[in-house]
A.B. asks: 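Mind having a look at this structure? Questions to follow.
Being a predicted model, the structure only gives us computed values, none of them experimental. Below, read A as the first sequence line, B as the second, and so on, with proteins coming before strands; counting in each chain starts at 1.
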There are 2 protein chains.
Amino acid sequence: MTRLTRDDIVVASGKRFATYGYHGTSMRDLGDDLGILGSSIYAHVGGKHELLVAVVERASDLFSASAAAAIALGGDPDDTLKALVAGHIDVLVDHAAEAKTFLNEAWFLEESDRLHVIQIRNDYEAVFRRTIQLGVDDGTFRRGVDVEVASIYILSILNAIERWFRPNGRLDRAELATDMHRFIVEGLT
Amino acid sequence: MTRLTRDDIVVASGKRFATYGYHGTSMRDLGDDLGILGSSIYAHVGGKHELLVAVVERASDLFSASAAAAIALGGDPDDTLKALVAGHIDVLVDHAAEAKTFLNEAWFLEESDRLHVIQIRNDYEAVFRRTIQLGVDDGTFRRGVDVEVASIYILSILNAIERWFRPNGRLDRAELATDMHRFIVEGLT
DNA sequence: CCTCTGTAAACAAACGTTTGTTATGCTCCC
DNA sequence: GGGAGCATAACAAACGTTTGTTTACAGAGG
């Protein structure tokens with residue numbers, strides 16, 4: 001009988017929340033996944049909402065770290081964009097449950113936590129905006145690109161990965177990153 | 001005292017499901033929105049799951065109709081793509097609640113209904129795939145486009161609209177459709 | 001009068017959570 | 001080295017509330 005840590009419970013929560021949603025998950029469901037009673041979870045956490053906070057926090061840390069790493073590379077805007085795309089894919093593939101919960105369930109956080117997440121998400125998006133703007137300024141990308149909206153398009157493509165990509169499918173993550181970057185830069189032509 | 005129809009209840013359900021999710025909505029919540037008791041809803045529908053079916057069905061009908069209309073126009077592949085994009089935006093803007101529920105909550109339908117929705121969604125996606133393939137064949141789009149994945153990219157951008165677009169924002173829907181079509185065809189360059 | 005839409009009250013089940021207790025180790029001290 | 005003492009992690013049972021749903025009944029309109 002191996003005993004459980006708070007971390008084990010957060011991981012299991014992420015999976016449940018990602019699959020069935022926060023409101024679609026009961027403490028007893030979670031207990032079943034972990035092989036303990038639902039009530040026993042309260043020895044590790046103060047309540048259900050704390051688990052959502054923990055899962056979402058994990059994901060937002062990963063995304064933030066990915067953006068920081070892409071910037072730290074210090075190449076031209078197109079290189080940074082490549083790194084941002086590849087990094088986002090890595091987070092989504094390697095931490096699918098947390099990322100999915102972050103994208104779909106953060107809305108159900110309490111006011112203050114939710115505002116904090118929105119802040120982090122906006123900071124992350126700002127890295128995309130700045131990168132594209134730099135690319136427009138130095139002529140890598142066309143003048144007249146609506147930087148704000150283009151960032152949203154790119155993140156839309158990236159975030160949707162969670163809904164269709166399977167690691168053992170036709171494409172591996174490297175092919176996906178390459179193909180996606182090309183689509184973003186060149187479109188269908 | 002204006003009396004309610006089944007339709008009124010389905011509309012209210014759509015809004016609630018879109019905002020709080022299927023599991024985050026109770027029959028009493030719904031009753032409050034409608035100004036009646038939660039239990040009174042059972043005079044109109046057989047159960048909560050029936051409401052989800054009705055809302056999702058509405059949305060899928062709208063999407064199917066949009067695709068059919070785009071094809072009926074009968075222009076070249078790029079014209080069809082333009083119409084598909086504009087039509088998708090129209091559905092998402094004019095029927096936001098139903099569309100959002102369709103995109104995010106259909107997973108919680110019972111097995112058979114869920115499979116039916118997946119079928120419809122796949123048919124809809126197939127229209128995008130066919131259109132792009134035609135464009136590749138006649139030279140409108142570049143050879144080497146991964147048609148399957150490109151369709152997913154485009155639908156990813158389209159479906160995410162629900163998460164950020166506000167009808168009274170900086171862009172109206174016509175500008176959005178134009179900008180989005182250009183991004184899809186030309187990318188950042 | 002009869003159907004339809006609503007209320008009122010209740011149902012069993014499931015919900016998040018609390019409480020009291022037990023089993024299992026770890027650490028310190030004789 | 002072996003108890004004593006304590007923290008941890010779990011169970012078992014119950015708490016009060018909310019859930020989806022059912023039943024009995026009232027009023028209003030065609």
A.B. asks: Can you name the residues that form a side chain to side chain contact (heavy atoms under 4.5 Å, CB included) with B/Tyr42, not counting sequence neighbours?
C.D. replies: B/Met27
A.B. asks: A/Asp32 has an atom CG; how far is it from atom P of D/dC11, in whole Å?
C.D. replies: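 It is 11 Å, rounded to the nearest whole Å.
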A.B. asks: Taking atom C1' of C/dT5 as reference, at what distance in whole Å does atom CD1 of B/Ile41 sit?
C.D. replies: 13 Å
A.B. asks: According to the ring-ring contact (aromatic ring centres under 6.0 Å, His included) rule, which pairs have a member within residues 158-189 of chain B, sequence neighbours left out?
C.D. replies: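 Those involving residues 158-189 of chain B are A/Tyr153-B/Phe183.
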A.B. asks: Please list each protein N or O that sits under 3.5 Å from an N or O in nucleotides 13-19 of chain C, with the distance.
C.D. replies:
from: C/dG16; atom 1: OP1; to: A/Thr25; atom 2: O; distance (Å): 3.2
from: C/dG16; atom 1: OP1; to: A/Lys48; atom 2: NZ; distance (Å): 2.9
from: C/dG16; atom 1: OP2; to: A/Met27; atom 2: N; distance (Å): 2.9
from: C/dG16; atom 1: N7; to: A/Arg28; atom 2: NH1; distance (Å): 3.0
from: C/dG16; atom 1: O6; to: A/Arg28; atom 2: NH2; distance (Å): 3.0
from: C/dT17; atom 1: OP2; to: A/Tyr42; atom 2: OH; distance (Å): 2.4
from: C/dT17; atom 1: OP2; to: A/Lys48; atom 2: N; distance (Å): 3.0
from: C/dT17; atom 1: O5'; to: A/Tyr42; atom 2: OH; distance (Å): 3.1

A.B. asks: Got a sec, which pairs hit salt bridge (Lys or Arg N to Asp or Glu O under 4.0 Å) with one end in residues 44-73 of chain A, sequence neighbours left out?
C.D. replies: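 Applying salt bridge (Lys or Arg N to Asp or Glu O under 4.0 Å) to every pair that reaches into residues 44-73 of chain A, excluding sequence neighbours, yields A/Arg6-A/Glu50, A/Asp7-A/Arg58.
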A.B. asks: Rounded to whole Å, how long is the line connecting atom CG of A/Leu37 with atom P of D/dC11?
C.D. replies: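 Rounded to whole Å, this separation is 4 Å.
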A.B. asks: Rounded to the Å, how far apart are B/Phe108 CZ and D/dG20 P?
C.D. replies: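 From B/Phe108 CZ to D/dG20 P: 14 Å.
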A.B. asks: Can you tell me how the ring of B/Phe63 sits relative to the ring of B/Tyr124, calling it parallel under 30°, perpendicular over 60° and tilted otherwise?
C.D. replies: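 B/Phe63 vs B/Tyr124 ring planes: tilted.
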A.B. asks: Can you tell me how far P of C/dG25 sits from CG of A/Leu4, to the nearest Å?
C.D. replies: 14 Å
A.B. asks: Let me know the distance between CZ of B/Phe17 and C1' of D/dG20, rounded to the nearest Å.
C.D. replies: 12 Å
A.B. asks: Could you tell me how far apart A/Arg6 (CZ) and D/dA10 (C1') are, to the nearest whole angstrom?
C.D. replies: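 So the CZ-C1' distance, A/Arg6 to D/dA10, works out to 18 Å.
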A.B. asks: Please tell me if A/His44 has a side-chain N or O lying less than 4.0 Å from either OP1 or OP2 of D/dA10.
C.D. replies: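 So the side-chain polar atoms of A/His44 do come within 4.0 Å of the phosphate oxygens OP1 or OP2 of D/dA10, strictly under.
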A.B. asks: Suppose we screen for side chain to side chain contact (heavy atoms under 4.5 Å, CB included). Which residues come up paired with B/Arg114, at least two apart in sequence or across chains?
C.D. replies: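 Result, side chain to side chain contact (heavy atoms under 4.5 Å, CB included) vs B/Arg114: B/Trp107, B/Leu109, B/Glu111.
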A.B. asks: Kindly state each residue pair satisfying salt bridge (Lys or Arg N to Asp or Glu O under 4.0 Å) with at least one member in residues 20-45 of chain A, sequence neighbours excluded.
C.D. replies: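 Qualifying pairs: A/Arg16-A/Asp33.
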